[in-house]
Amino acid sequence: MFQDKRAFKNDFLAKLQAMSGKSLEESTAFDKYMAVGGMIRDYISKKWVKTNDRYLEEDVKQVYYFSLEFLLGRLLGSNLLNLGFTEVCRESLVELGIDLNELENAEADAGLGNGGLGRLAACFLDSMASLGIPGHGCGIRYRYGFFEQRIVDGYQVELPDNWLRDGNVWEVRKPDKAVEIRFYGVVREEISKAKTVFVHENYESVLAVPYDTPVIGYGNNTVNTLRLWSAEAVQADFDLSSFSHGNYQKAMEYKYSVEAISQILYPDDNHYKGRELRLKQQYFFVSAGIQSIIRRYKKKNGSLRQLPEKVAIHVNDTHPVLAIPELMRILVDEEEMSWDEAWEITTATISYTNHTILSEAMEKWSTDLFKNLLPRIYMIVYEINERFCRELWDKYPGDWDRIASMAIISDDHIKMAHLAIAGSYSINGVARIHTDILKRQEMKNFFFIYPHKFNNKTNGVTHRRWLMKANPELAALITETIGNGWIDNPAEFIELLKYADDPSFKEQAANVKKRNKTVLVKMIKDKYSIDIDLESIFDVQVKRLHAYKRQLLNVFHIMDLYNRLLETPDLDIAPRTFIFGAKAAPSYFQAKTTIKLINCLAEIINKDKRIMDKIKVVFLENYRVSLAEMIFPAADVSEQISTAGKEASGTGNMKFMLNGAVTIGTMDGANIEIFEKVGPANIFTFGLTAEEVMDYYRSGGYNSHELYQNDHRLKAIIDSLVNGFFPVSAGEFINIYNSLIMHNDEFFVLKDFAAYADTQMKLDKAFRDKGKWLGMSINNIAYAGTFSSDRTIREYAKEIWGVRPLV
Ligand SMILES: *Cc1c(COP(=O)(O)O)cnc(C)c1O
């Protein structure tokens with residue numbers, strides 16, 4: 001099939017006909033993409049079965065990564081890459097007059113996630129498979145993924161992401177592996193001679209049907225599984241009795257209400273809303289996943305007592321934390337274990353990653369809503385809480401305040417993070433500073449009683465997708481220079497240090513960057529009709545739109561530069577292109593206003609002839625994985641400017657670094673570890689530290705209004721939000737103005753402005769020294785190995801899951 005070009009072409013033409021029913025001439029790019037996808041599926045099908053058979057035969061410990069989000073992006077390119085078939089495929093297609101890139105672009109992104117958290121899950125799947133670790137994903141097959149963003153008159157407009165419309169070549173539906181999920185109803189206690197039995201009655205049944213997607217390891221014949229669950233009506237309930245009573249409408253209503261569970265991804269990032277459907281989604285996929293794990297486990301093992309020796313279940317944030325009470329339910333109610341034994345097994349099986357300390361993101365569920373939807377699970381959580389509080393009482397007799405603050409249930413709400421800590425054996429943060437803040441502040445009471453549970457696992461990104469696939473020219477240059485050992489061992493990037501002063505290597509690296517910039521420039525010209533100077537600094541901030549990420553700080557710097565250019569048209573600065581990409585949650589008003597602000601500013605600056613094209617501003621619509629793959633390779637500057645202490649890790653920072661961009665950032669998240677690796681000469685840091693921010697929150701002493709009054713540059717910028725400078729209605733940006741001036745600037749935009757603007761001037765100077773800049777860029781690539789998700793996954797495997805690669 002892929003052994004040589006002749007075989008490829010034969011099989012491709014046959015596959016194309018079989019799948020599309022069309023001739024080559026008639027077929028569309030999508031048809032051809034599906035044909036190559038179909039060939040890959042055929043090719044890996046044996047390896048997939050074999051991988052599963054070996055896991056079963058050799059009875060090795062399995063990892064299940066539970067996540068409400070998997071932000072996979074496109075799979076054709078990365079699957080070809082991992083199989084080593086990119087070249088044979090590309091060249092064979094050329095001989096048929098077909099461009100592989102065009103086929104890749106015909107694939108819809110699998111956008112089953114919001115941002116960093118979902119993309120991390122996708123990078124982890126790639127690393128687990130590539131390291132030969134028996135690790136699988138478990139999540140929801142959303143009918144509609146993360147919304148498609150359009151910019152209309154500068155405003156964000158959301159469209160449904162109908163990614164499955166034309167079919168999904170990668171998934172396999174497994175109806176025979178469906179399981180039943182029960183919602184609502186009542187629990188009756190049957191007290192028999194020996195024990196109490198809990199009978200769940202009058203529940204509503206939902207069928208969870210799995211769709212499996214292969215996760216192909218790089219060059220190692222491992223094919224793991226991403227199992228995504230889809231909600232369907234149970235046949236027996238959707239029955240003819242409703243029809244025969246003429247109640248067709250009622251039957252259909254039931255069907256739609258069930259299907260609603262896996263209909264859409266909630267578009268909220270770092271923000272929870274206590275909606276019942278969301279809780280339904282969480283229990284739905286967790287219960288399905290656990291039932292299917294237990295069913296598989298029982299094929300080989302008898303008693304569930306050894307479960308923790310054979311299974312590790314990891315929960316990505318608190319969204320899948322119902323895995324804890326669900327596993328308890330199965331062990332206690334169905335397997336008839338004692339509570340204590342079930343608890344021992346559960347807490348030795350489940351591990352948890354915390355992703356944020358933002359209070360608005362902390363999940364909590366109203367007990368009324370929870371009890372009504374999940375009556376038996378509520379009873380179990382209640383019992384867990386009772387026992388947990390008793391344990392606390394023994395440690396802190398009479399200390400009601402402490403116990404109330406740590407309880408799993410309090411103020412009529414279930415605190416999911418508390419449940420996660422009580423019910424798991426490992427709790428990790430995602431960058432060193434984040435873990436330290438968890439231990440010392442947010443979760444210090446828990447750290448005090450369970451110090452052994454807490455650990456750090458700094459995030460990483462897969463260098464296969466984010467370098468080899470996204471930036472093949474840079475990957476080739478690196479291999480030419482230091483050999484290809486870095487592919488299996490990204491720590492070998494460090495060999496590039498020897499070439500950081502090598503004029504010939506620098507020139508080649510500069511040429512690669514220039515060609516990547518050319519591709520982006522062309523796209524921007526075609527799509528937005530904006531002319532970009534190829535030689536300008538490509539200064540990029542791409543990430544979710546959020547107040548704590550401070551896109552506003554970036555905007556203020558641009559407005560300041562613009563003001564200075566108007567005053568001094570021959571201001572001695574390098575030309576710069578400010579590039580933004582960001583989706584705002586549809587109900588996040590200030591985030592949407594910020595998008596409008598960026599677009600208004602772009603409109604004004606891009607057409608102002610007075611500033612001689614010195615600066616341009618571009619907002620790239622619909623930021624997503626496939627667009628990101630085009631942006632990172634072309635970036636010169638990586639904007640990582642969150643308020644210190646707020647960004648748990650960031651992973652965009654790592655993708656930029658891997659592609660030779662230089663960071664300007666705060667001492668926050670993984671920026672700190674990047675700083676420690678590359679050293680102060682190869683990164684631009686500025687602003688308040690997390691401790692300084694914390695001190696202000698604790699002790700006061702910050703007055704944004706005073707700053708505004710006393711800094712005329714800042715005042716000019718902020719006034720122009722509301723003084724008619726922008727051609728918008730009077731109140732358009734008033735909410736931004738108020739948050740900064742009336743509500744004391746929660747995220748310290750004004751406070752950090754001067755330091756940021758000064759640091760940008762230093763960056764400008766460094767960029768204009770071409771040799772110096774290239775050295776900085778190369779240093780960043782050289783130290784990027786630590787931030788490969790292979791390193792991260794090796795740490796999880798060894799220090800949390802206790803699993804080893806099957807070689
Ligand atoms: C990496 C990535 C993110 C996360 O970016 P941060 O800068 O870490 O917030 C979000 N969205 C997409 C599409 C990504 O690829």
Side-chain angles (χ1 to χ4, degrees), residues 81 123 126-127 130 218-219 458-517 537-538 540 629 631-638 640 650-665 670-685 763 766-767 769-792 794:
L81 172 72
C123 284
D126 184 70
S127 284
S130 296
Y218 182 85
T458 299
N459 282 167
V461 300
T462 169
H463 59 288
R464 287 167 292 273
R465 179 178 291 268
W466 295 111
L467 180 65
M468 299 170 75
K469 178 177 175 299
N471 198 345
E473 283 203 47
L474 182 58
L477 174 61
I478 294 170
T479 294
E480 259 172 54
T481 310
I482 62 168
N484 66 4
W486 61 270
I487 296 174
D488 286 330
N489 181 16
E492 288 186 19
F493 283 136
I494 202 69
E495 300 294 322
L496 289 170
L497 282 186
K498 293 184 203 131
Y499 301 87
D501 284 321
D502 178 324
S504 145
F505 180 72
K506 279 178 165 175
E507 191 191 325
Q508 293 179 80
N511 288 337
V512 169
K513 182 63 79 182
K514 195 166 189 172
R515 282 192 290 273
N516 292 332
K517 288 169 81 168
I537 306 175
F538 281 28
V540 185
E629 286 170 24
I631 296 170
F632 292 116
D636 294 310
V637 174
S638 161
Q640 307 301 334
T651 49
N653 45 5
M654 302 167 186
K655 301 168 204 167
F656 277 109
M657 180 187 191
L658 187 59
N659 284 279
V662 177
T663 302
I664 179 165
N671 297 352
I672 294 174
E673 289 157 78
I674 293 174
F675 171 87
E676 285 170 4
K677 286 285 170 190
V678 302
N682 298 302
I683 186 169
F684 296 92
T685 59
L763 184 152
F767 186 83
D769 183 343
K770 283 282 170 285
K772 177 177 170 175
W773 185 266
L774 282 164
M776 294 177 76
S777 167
I778 294 162
N779 263 273
N780 272 272
I781 305 167
Y783 286 106
T786 312
F787 303 102
S788 164
S789 47
D790 287 6
R791 187 271 308 150
T792 313
R794 279 199 179 91

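Numbers here simply count residues along the sequence, with the first being 1.
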Plane angle bin for Y499 and F505 - parallel if under 30°, tilted between 30 and 60°, otherwise perpendicular: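 Judged by the thresholds at 30° and 60°, the geometry between F505 and Y499 is tilted.
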Residues K513, L774; criterion side-chain contact (heavy atoms from CB on, under 4.5 Å); working and verdict: CA-CA 10 Å; K513 182 63 79 182; L774 282 164; over 6 Å; no
Please determine whether the number of non-hydrogen atoms from other residues, nucleotides or ligands lying under 6.0 Å from atom [atom1] of [X] exceeds 12.
X: K772; atom1: NZ; value: no
X: K506; atom1: NZ; value: yes
X: D501; atom1: CG; value: no

Roughly how far, to the nearest 0.5 Å, is the [atom2] atom of [Y] from the [atom1] atom of [X]?
X: D790; Y: T462; atom1: CG; atom2: OG1; answer: 6.0 Å
X: Y783; Y: F675; atom1: OH; atom2: CZ; answer: 13.0 Å
X: W486; Y: S788; atom1: CH2; atom2: OG; answer: 10.5 Å
X: M654; Y: C123; atom1: CE; atom2: SG; answer: 10.0 Å
X: I487; Y: I478; atom1: CD1; atom2: CD1; answer: 9.5 Å
X: L496; Y: D502; atom1: CG; atom2: CG; answer: 11.0 Å

K770/W773 under side-chain contact (heavy atoms from CB on, under 4.5 Å): CA gap, chis, key distance, verdict: CA-CA 5 Å; K770 283 282 170 285; W773 185 266; 5.8 Å; no
Quick one: are [X] and [Y] in side-chain contact, heavy atoms under 4.5 Å?
X: V662; Y: F684; result: yes
X: H463; Y: Y218; result: no
X: R515; Y: V512; result: yes
X: V637; Y: V540; result: no
X: N516; Y: N471; result: yes
X: I674; Y: Q640; result: no
X: L658; Y: F493; result: yes
X: E673; Y: T786; result: no

Do you know the tightest heavy-atom contact between [X] and [Y]?
X: N682; Y: V678; value: ND2-O, 2.9 Å
X: D636; Y: K517; value: OD2-NZ, 2.7 Å
X: R465; Y: K469; value: O-CB, 3.4 Å

Check against salt bridge (charged side-chain N to carboxylate O under 4.0 Å, His left out), R464 and D126: CA-CA 8 Å; R464 287 167 292 273; D126 184 70; 2.8 Å; yes
Residue among L467, L497, L474 satisfying side chain to side chain contact (heavy atoms under 4.5 Å, CB included) with I781: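 It is L474, the one option of L467, L497, L474 that forms the side chain to side chain contact (heavy atoms under 4.5 Å, CB included) with I781.
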Residues E473, N511; criterion side-chain contact (heavy atoms from CB on, under 4.5 Å); working and verdict: CA-CA 10 Å; E473 283 203 47; N511 288 337; over 6 Å; no
